[in-house]
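Here is the structure we will look at, set down as structure tokens.
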Amino acid sequence: LLEEKQLEEGMALVFLPALARMAVCGGTHGNELSGVYVVQEMERQRKEKGEGVWIYNSSPYEVRRAQELNNLLGLKGSTDATDMICDLHNTTSNMGLTLIHYTSSDWVTLHICKYLQTKITKVPAVDLTIDWIHKFNSGTVFEGGDVEAFKFIKSFDYPRDPETRTLTAAIHPQLQDRDFCLLKQGDPLFFKFSGETVKYEEEETLHPFFINEAAYYEKGIAFHLAKKLTLTIPTVQVQKD
């Protein structure tokens, strides 16, 4: 009945494979400790319940860590690969709880985002993600609809000395901590050390995020800019054998 109704309304019911393997990773970036503590607490709870534990503790070497993670979570594209990774990070920006994904056509990820947006004030994000997966694997039909998102457009660097590349300005106080606000032409961006204000000159209104992220100074990024959009996703159900 549900499928017939959706077909009448022009909505497709998409069947997707079950998610058999999920990994929760903390400490991918060694100085971001919240994820480490979350994973440690999950490990403690699973031990108390007598359940298996799958934990990865980061090493300080990026390349070696990537190789070890690849082996631990299954080679990409192989039948042993993990179906989903929930990778926990911190930021010094005022972004609250932010869900980052890299495609607009991964229906599972977008449905989890939609699910979290409706319930995130009540239960931690990791628990809600696991809850969604359990319900999906058990046959629950998740209705399609609209998901609000922000699409990355480009990055802005700080004003710098053209010869030494040292910073010549800081984030303007009126922009600081206003991640995802609407940035309009003429709004202040930077306050130069010499006293002048640098304003946003472009006509397109966009939304800044990762404003003044400490780890981005060396990357030449003062903040990213995104466009707010609405994605329409189909109804999904686990694929039956």
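Here, residue 1 is the first one in the sequence, and each next residue gets the next number. What you are looking at is a predicted structure, and each value in this text was computed from that prediction instead of being measured.
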### Task
Assess the side chains of T230 and D146: does a donor N or O sit below 3.5 Å from an acceptor N or O?
no
### Query
With the threshold set at 4.0 Å, does a side-chain nitrogen-carboxylate oxygen contact exist between E204 and K154?
no
### Task
Any chance you could measure L110, atom CG, to T232, atom OG1, to the nearest 0.5 Å?
10.5 Å
### Task
Can you spot which of L182, L175, L189, D179 makes a side chain to side chain contact (heavy atoms under 4.5 Å, CB included) with P208?
L175
### Query
What are the two closest non-hydrogen atoms of I133 and M22, and how far apart are they?
CD1-SD, 3.3 Å
### Closest non-hydrogen atom pair between L225 and Y200, with its separation
CD1-CE1, 4.2 Å
### Task
Look at the rings of F209 and F180 and say which category their plane angle falls in: under 30° parallel, 30 to 60° tilted, over 60° perpendicular.
parallel
### Query
How many angstroms lie between NZ in K184 and OG1 in T205, if you round to the nearest 0.5 Å?
8.5 Å
### Task
Verify whether one side chain among Q174 and D187 offers a donor that lies under 3.5 Å from an acceptor in the other.
no
### Task
Decide whether T140 and S138 meet the rule of one side-chain donor and one side-chain acceptor closer than 3.5 Å.
no
#### Entry: Centroid-centroid under 6.0 Å between Y217 and Y158 rings
yes
### Task
Verify the neighbour count for atom NE2 of H134: are there more than 12 heavy atoms of other residues, nucleotides or ligands below 6.0 Å?
no
### Query
What are the two closest heavy atoms between H89 and D87, and how far apart are they?
NE2-OD2, 2.9 Å
### Message
Before you tell me yes or no, could you show the steps for D127 and K119 under salt bridge (Lys or Arg N to Asp or Glu O under 4.0 Å), namely the whole-Å CA-CA distance, both residues' side-chain angles and the distance that decides it to 0.1 Å?
### Response
CA-CA 11 Å; D127 291 349; K119 299 179 180 292; over 6 Å; no
### Task
Using the salt bridge (Lys or Arg N to Asp or Glu O under 4.0 Å) rule, take R44 and E41 through it: C-alpha gap first, then chi angles, then the decisive distance, then the call.
CA-CA 5 Å; R44 184 189 67 78; E41 176 61 20; 2.4 Å; yes
#### Entry: Non-hydrogen atoms of P17 and F136 that approach each other most closely
O-CE2, 3.4 Å
### Message
I need the H111 NE2 to D106 CG distance, nearest 0.5 Å.
### Response
10.5 Å
### Query
Should the heavy atoms of other residues, nucleotides or ligands under 6.0 Å from CD of Q239 be counted, would the total exceed 12?
yes
